[in-house]
Amino acid sequence: MEQKNKIEVMLTREQIAEKVREVGARITEDFRGKEVLMIGVLKGSFVFMADLVRAVDLPVKIDFISAKSYFGTTSSGVVDVKMDTHLEFAGKTIMLVEDILDTGKTLSVLKQMLLTRGAADVKIVTFLDKPARRTADISADYCCYKIEDRFVVGYGLDYNEDYRNLDYVGEVIL
Ligand code: IMP
Ligand code: MG
C-alpha cells in the first residue's frame, strides 16, 4: 500500500492474530460463568475490540467511551467524557479496552471514574504496552505485546489520524 511516511513493520497481521486469540482464550477462562462487559476507548481501540470480542467464547456486551483528560498541578487529573457509556455496570466487572498503554494517565482517570460510578472492578485490556513511558500507577491485566518506547501506527493506532486501517503495526520513520 502507498503511504505518506516510511513505515517499518514491527508486528505482522499473523503475530497480532495469534496474540489476540491467546488473550481472548485467557479472558474466556478467567470469566467463565460470567458475562463480559467491554468498554473500548475511542478511537484507537476499535480494531482490537472487533477482533477481541470474537476471540472470547462467552456472552459479551460492548460499548465505547470517548474521553479527553486534563492534568493540572495535581497528579489525579480530570476527565472530560465526550461520549459516554450507557451499559449498566453497577456491581459488575468492566474490561476497559485500549490500543496502547503509554503514560497510563488517561486509563487511570477513566478507571477511577468507573469505580466511582459503582463498577465492582475495572480490568485493563490493552493491545500494546509501553512500560518505559508509565507515569501513572496503573498496569495492564491483559496485554498482547509489550514494546519499546517507539511511536507506532496501524491496527487502530494513528499518526495525525492516518494509518488506523493498516492490518499490521509499524514504526513511523520520520
Ligand atoms: P496515555 O497512556 O494516557 O499516555 O495515553 C495513551 C494514548 O496515547 C493512546 O490511547 C494513544 O491514543 C496515544 N499513543 C501513545 N503512544 C502511541 C503510539 O506509539 N502511537 C499512536 N498513539 C499513541
Ligand atoms: Mg487513543
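For ligands, and for the atoms within them, numbers begin at 1 and follow the listed sequence.
- Using a 3.5 Å distance cut-off with no hydrogens or angles, the side chains of T85 and D63 do pair a donor with an acceptor.
- The side chain to side chain donor-acceptor pair (under 3.5 Å) test applied to D51 returns R54, Y155, not counting sequence neighbours.
- Close approach of ligand 1 to R150 (heavy-atom distance below 4.0 Å) involves ligand atoms 19 (O).
- Contact analysis leaves V153 out of contact with ligand 1, as no non-hydrogen atom separation drops below 4.0 angstrom.
- Residue-ligand proximity, D158 to ligand 1, at heavy-atom distances under 4.0 Å covers atoms 21 (C).
- The shell of residues lying under 4.0 angstrom from ligand 1, judged by heavy atoms, includes I100.
- Among L87, V97, I62, D84, the single residue meeting the side chain to side chain contact (heavy atoms under 4.5 Å, CB included) criterion with I39 is L87.
- Within the listing of ligand 1, atoms 10 (O) sit less than 4.0 angstrom from a heavy atom of E98.
- With a 6.0 Å cutoff to the six-membered ring centre and a 45° limit on the axis angle, K123 does not count as a cation-pi contact of Y142.
- Cation-pi geometry between K43 and F46 is not met: the NZ or CZ atom fails to fall both under 6.0 Å from the ring centre and inside 45° of the normal.
- Between V152 and ligand 1, at least one pair of N/O atoms sits closer than 3.5 Å.
- At least one heavy atom of G104 lies less than 4.0 angstrom from ligand 1.
- Contact atoms of ligand 1 toward K130: 16 (N), 17 (C), 18 (C), 19 (O) (distance under 4.0 Å to a heavy atom of the residue).
- Note on residues 7-16: pairs passing salt bridge (charged side-chain N to carboxylate O under 4.0 Å, His left out), not counting sequence neighbours, are R13-D167.
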